[in-house]
K.L.:
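Okay, handing you the structure first.
Heavy-atom basis, side chains included; hydrogens, waters and symmetry copies ignored. Residue numbers run from 1 in the order of the sequence given.
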Amino acid sequence: SSSSSSSSSSSSSHPSALGTVAKKKKNTSSSTGTLSSANTPLYGPATEDGPNPAVLEALTDAERRTTEEDARWMRRVLLDLDDMSDTICRVIDSAELCRNVHASADFRDAASNVCLQMSSYIHRLNANTLLYQLLEVYRTNPAVQGFLTAEENTVASLHQAEFEASGIHLPDEQRNEIVQLQERISNLTLSFGQVANNSPPMAVEVPRSAMSRLPKTFMLDDLPSGSSPDSVVLACDGERANAVLKWSQHAETRKQVFIASNMRAPENLEILDQLLRTRTELAKRLGYNSYASLVLRANVAKSPEVVQVFLTDLWRGLQRKAHAEMELLSEEKRKWEPNEPSAIYGWDRGFYTGVTKAKKHELNGATLAEYFSLGNVLDGLATVCDHVFGVKMRIVGAHATELWSSDVIKVEFSNEEEGVLGYCYLDLLRRDGKSNQAANFGIEFGRIERNDQFRLPRWAIICSFARPSLRRPTLLTHSDVETLFHEFGHSLHLLFSRTRFQHTSGTRCAVDLVETPSTLMEFFVWDPRILPLFAKHYKTGKPLPASMIRNLRASKNMFSAIDTQHQVLLSLLDQTFHHLYATKDHPKTASGNPETTVDMLRRLQNMYTTIPFEEHTHWHTHFSHLTTYAGSYYTYLFCRVFSTSLWYKYFQKDPLSREAGNKLRSELLRYGGSKDPQSILRTLVGAPSVKDFIRSMQEEIEVTENSEA
């Protein structure tokens with residue numbers, strides 16, 4: 001149900017060993033009652049790490065020597081804790097990858113068990129009072145902070161916050177109850193994902209004629225016949241359902257497929273209810289009003305109130321454009337279905353968006369895909385990486401024990417000054433048993449070791465593109481291209497991070513910072529200076545014609561308000577689930593009963609989007625981000641504000657600027673999670689607001705239209 005640009009980085013999909021929660025700081029945005037304008041900044045004043053200088057100045061010589069010795073002790077403790085965390089994370093990160101993608105079902109099952117065992121072990125470590133006591137010097141002597149580096153202070157604060165989030169300050173019995181709640185959350189999270197991935201798709205019988213507009217790559221001949229030669233039986237999994245919803249001109253078929261595909265995994269309704277209740281109970285035991293309040297204290301946004309204002313301000317700013325876009329779709333629907341209501345339903349959006357774009361901008365998705373073979377798109381990534389960052393990519397051999405499928409290829413990253421920088425495993429093709437969610441999985445995070453040598457990072461990019469046939473290579477839609485570039489943005493974080501602690505390496509940073517590099521990379525696939533470098537016809541090798549590039553760009557924001565409106569819905573649903581569910585403010589139905597998750601979805605969709613909720617559906621039962629990005633799905637939109645500012649400030653003039661790439665690497669990517677994210681963003685883009693974001697969207701439309709003229 002999420003757009004292709006909303007791909008998941010899995011780096012925060014499990015509790016990292018010995019703490020992942022960012023440093024607790026004073027919430028400078030607590031006066032949320034004043035946050036009512038789209039001019040509202042997205043964060044308050046940056047807070048600085050480190051002690052009050054007056055504390056250090058007041059030390060006697062003897063106290064200074066003692067404090068310096070305490071700081072050296074603390075530094076050794078932090079390095080030892082990071083070694084423990086690193087050992088654990090390399091196991092659980094690999095297991096998390098394998099349970100989602102391994103070709104062997106036995107291996108996937110074993111990896112799932114490992115994830116459960118290791119999550120339980122991590123929760124118990126975080127409740128270990130002996131380990132917490134190792135931080136006593138840091139906690140009780142503020143002067144020690146003055147002799148630690150900024151990164152060491154951050155890591156110490158991270159560990160302290162995670163221990164405290166596990167109830168370390170509570171009596172033994174209550175602390176054990178916290179651990180049990182955390183283990184239950186891990187079990188329910190895993191169950192939700194397994195049901196979502198393994199639930200068999202519903203099958204529907206549809207007329208063969210209703211499939212006539214589908215691309216050749218859909219392989220209609222491979223579908224079983226229905227009760228007559230003129231019908232086929234369609235299993236409504238994600239890829240097949242999306243193809244029908246986008247291409248089929250037959251409204252009744254689209255409706256059948258839409259309803260069937262959004263009734264999958266009904267068991268997850270009960271699992272989600274239990275998961276949300278358990279998360280709320282955990283938050284309350286730790287002194288928070290809601291799970292979202294617990295999670296967001298570590299983020300740039302800081303509180304559910306700030307997120308709510310951000311989302312509703314964005315929604316308001318999109319209203320006029322969204323209604324104009326819906327009128328375009330209704331106008332097109334009246335031409336195709338003159339005897340039906342012109343209202344746009346869930347099964348209409350994809351089809352009428354496509355045909356309206358195709359008519360106005362002379363775009364044919366199937367023809368466009370012929371210029372985006374997977375090999376050419378990977379060449380495009382390599383070209384951007386080389387020009388912007390001076391880094392070469394090349395395929396290298398891999399030992400059999402490194403790979404989980406014969407589909408996987410290993411890619412080496414290097415430059416002339418530093419040599420080899422890291423390794424990425426590309427697993428991009430669809431296969432049975434593999435998660436169809438695009439994601440970036442860290443396998444081994446880079447860090448500067450005690451001998452000052454840099455340990456190379458290793459990670460995997462996972463997609464689920466169509467497999468090649470004897471007649472043609474894997475061809476990607478432009479949306480697929482955007483997804484691949486998005487996931488590559490997470491790779492940049494992993495590749496260029498230079499921290500001494502794996503605990504703050506790469507994508508182990510604030511969740512509403514982590515999507516900034518990935519959403520920034522999406523801009524490259526729309527740029528008319530970049531596309532000709534790799535968009536070439538798979539048969540002739542001819543580049544994508546300039547006219548098609550102009551039309552593609554002109555179509556980008558044609559329905560951007562509706563698309564963004566849908567992302568606002570997903571974000572508000574996530575916030576509602578994790579801020580109100582099972583709390584004293586849990587919403588009630590008209591009859592006075594507590595709303596179910598379906599009730600909440602119905603209410604929010606009808607309130608915040610122009611497409612009505614379809615009864616008897618529950619698409620949120622396979623919306624995996626509810627478990628991996630619990631309380632934080634808003635970050636895709638939040639980070640898009642920042643990445644939009646980055647693009648226009650540093651890359652708009654020259655998208656292949658090495659100077660811009662160096663700036664991104666030195667001021668953002670190298671820090672991972674070792675520096676206050678507010679400070680990073682303020683240095684690069686100042687303090688953008690929602691209004692800036694909406695204005696940039698409108699300006700891009702005007703620039704495109706002027707270039708066409």
K.L.:
Please enumerate all residues that pass ring-ring contact (aromatic ring centres under 6.0 Å, His included) together with Phe534, with sequence neighbours excluded.
P.N.:
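Counting only residues at least two positions away or on another chain, Phe534 forms a ring-ring contact (aromatic ring centres under 6.0 Å, His included) with Phe485.
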
K.L.:
Where is the tightest heavy-atom contact between Ala439 and Glu487, given as atom of each residue plus distance?
P.N.:
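Residues Ala439 and Glu487, closest heavy atoms: C-OE1, 3.3 Å.
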
K.L.:
When you compare the side chains of Thr477 and Asp480, does any donor N or O come within less than 3.5 Å of an acceptor on the partner?
P.N.:
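Result is yes, a qualifying pair exists.
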
K.L.:
Got more than 12 heavy atoms from elsewhere within 6.0 Å of CG, Asp432?
P.N.:
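Atom CG in Asp432 is not packed in, count stays at 12 or less.
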
K.L.:
Say you draw a straight line from CG of Leu81 to CG of Leu158; how long is it, rounded to the nearest 0.5 Å?
P.N.:
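These two atoms lie 12.0 Å from each other.
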
K.L.:
Output all residues satisfying salt bridge (charged side-chain N to carboxylate O under 4.0 Å, His left out) with Arg658, sequence neighbours left out; order by chain, then residue number.
P.N.:
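Salt bridge (charged side-chain N to carboxylate O under 4.0 Å, His left out) list for Arg658, sorted by chain: empty.
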
K.L.:
Which pair of heavy atoms, one from Pro655 and one from Val388, lies closest together, and at what distance?
P.N.:
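Closest pair (atom of Pro655, atom of Val388, distance): O-CG2, 3.5 Å.
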
K.L.:
Is the Phe107 ring parallel, tilted or perpendicular to the His102 ring (thresholds 30°, 60°)?
P.N.:
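Phe107 and His102: parallel rings.
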
K.L.:
Who are the side chain to side chain contact (heavy atoms under 4.5 Å, CB included) partners of Ser261, not counting sequence neighbours?
P.N.:
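Applying side chain to side chain contact (heavy atoms under 4.5 Å, CB included) to Ser261 gives Cys236, Ala241.
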
K.L.:
Could you list the residues that satisfy ring-ring contact (aromatic ring centres under 6.0 Å, His included) with Tyr121, not counting sequence neighbours?
P.N.:
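Once residues adjacent in sequence are excluded, Tyr121 has no partner under the ring-ring contact (aromatic ring centres under 6.0 Å, His included) criterion.
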
K.L.:
Among all residues two or more places apart in sequence or in another chain, which pass the ring-ring contact (aromatic ring centres under 6.0 Å, His included) test with Phe454?
P.N.:
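ring-ring contact (aromatic ring centres under 6.0 Å, His included) list for Phe454, sorted by chain: empty.
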
K.L.:
Is it the case that Asn440 and Ser491 place a side-chain donor and acceptor less than 3.5 Å from each other?
P.N.:
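Present: a donor and an acceptor within the cut-off.
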
K.L.:
Who passes salt bridge (charged side-chain N to carboxylate O under 4.0 Å, His left out) against Glu449, sequence neighbours left out?
P.N.:
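In terms of salt bridge (charged side-chain N to carboxylate O under 4.0 Å, His left out), with neighbours along the sequence ignored, Glu449 is linked to Arg447.
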
K.L.:
Any pair with a residue in residues 389-399 that passes side chain to side chain donor-acceptor pair (under 3.5 Å), sequence neighbours left out, goes on the list, sorted by first then second residue, please.
P.N.:
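Listed by first then second residue: Asp386-Lys392, Arg394-Glu412, His399-Thr401.
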
K.L.:
Is there a side-chain contact between Leu456 and Tyr423, using heavy atoms and a 4.5 Å cut-off?
P.N.:
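Yes, at least one pair of side-chain atoms sits under 4.5 Å.
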
K.L.:
If the condition is ring-ring contact (aromatic ring centres under 6.0 Å, His included), which residues does Trp647 pass it with, not counting sequence neighbours?
P.N.:
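For Trp647 the ring-ring contact (aromatic ring centres under 6.0 Å, His included) partners, ignoring immediate neighbours, are Phe523, Phe524, Phe651.
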
K.L.:
Do Glu183 and Ser119 have side-chain atoms, one donor and one acceptor, less than 3.5 Å apart?
P.N.:
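Glu183 vs Ser119: no donor-acceptor pair found between side chains.
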
K.L.:
Tell me every residue that passes salt bridge (charged side-chain N to carboxylate O under 4.0 Å, His left out) with Asp407, counting only those two or more places apart in sequence or in another chain.
P.N.:
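Partners of Asp407 under the salt bridge (charged side-chain N to carboxylate O under 4.0 Å, His left out) test: Arg431, Arg467.
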
K.L.:
Residues in side chain to side chain contact (heavy atoms under 4.5 Å, CB included) with Arg500, at least two apart?
P.N.:
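For Arg500 the side chain to side chain contact (heavy atoms under 4.5 Å, CB included) partners, ignoring immediate neighbours, are Glu151, Ile448, Asp452.
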
K.L.:
Testing the basics here: between Cys98 and Ala111, what is the closest heavy-atom pair and its distance to 0.1 Å?
P.N.:
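That would be CB-CB, 3.9 Å.
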
K.L.:
Is a side-chain donor-acceptor pair under 3.5 Å present for His123 with Ser186?
P.N.:
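Indeed, the side chains of Ser186 and His123 share at least one donor-acceptor pair under 3.5 Å.
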
K.L.:
Which atom names give the shortest non-hydrogen contact between Val525 and Leu531, and what distance separates them?
P.N.:
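Smallest heavy-atom distance, with atoms named: O-CD2, 3.3 Å.
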
K.L.:
Would you indicate whether the side-chain heavy atoms of Phe501 and Arg508 approach each other to under 4.5 Å?
P.N.:
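The answer is no, as the side chains (C-beta and beyond) never meet within the 4.5 Å cut-off.
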
K.L.:
Minimum heavy-atom separation for Cys463 to Ala438, with atom names?
P.N.:
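For Cys463 versus Ala438, the nearest heavy atoms are SG-CB, 4.3 Å.
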
K.L.:
Do Thr519 and His486 have side chains that approach each other closer than 4.5 Å (heavy atoms only, starting at C-beta)?
P.N.:
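Sidechains of His486 and Thr519: in contact.
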
K.L.:
For the residue pair Phe389 and Leu669, what are the closest heavy atoms and their distance?
P.N.:
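For Phe389 versus Leu669, the nearest heavy atoms are CE2-CD1, 4.2 Å.
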
K.L.:
Going by the rule salt bridge (charged side-chain N to carboxylate O under 4.0 Å, His left out), which residues pair with Lys649 if we only count those two or more places apart in sequence or in a different chain?
P.N.:
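Residues passing salt bridge (charged side-chain N to carboxylate O under 4.0 Å, His left out) with Lys649: none at all.
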
K.L.:
Go through the side-chain N and O atoms of Asn662 and Glu659 and say whether any donor and acceptor fall under 3.5 Å apart.
P.N.:
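Glu659 and Asn662 do not have a side-chain donor-acceptor pair below 3.5 Å.
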
K.L.:
Applying side chain to side chain donor-acceptor pair (under 3.5 Å), which residue pairs with at least one partner in residues 530-544 are found, sequence neighbours left out?
P.N.:
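Checked against side chain to side chain donor-acceptor pair (under 3.5 Å) - neighbours excluded - the pairs reaching residues 530-544 are Glu370-His537.
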
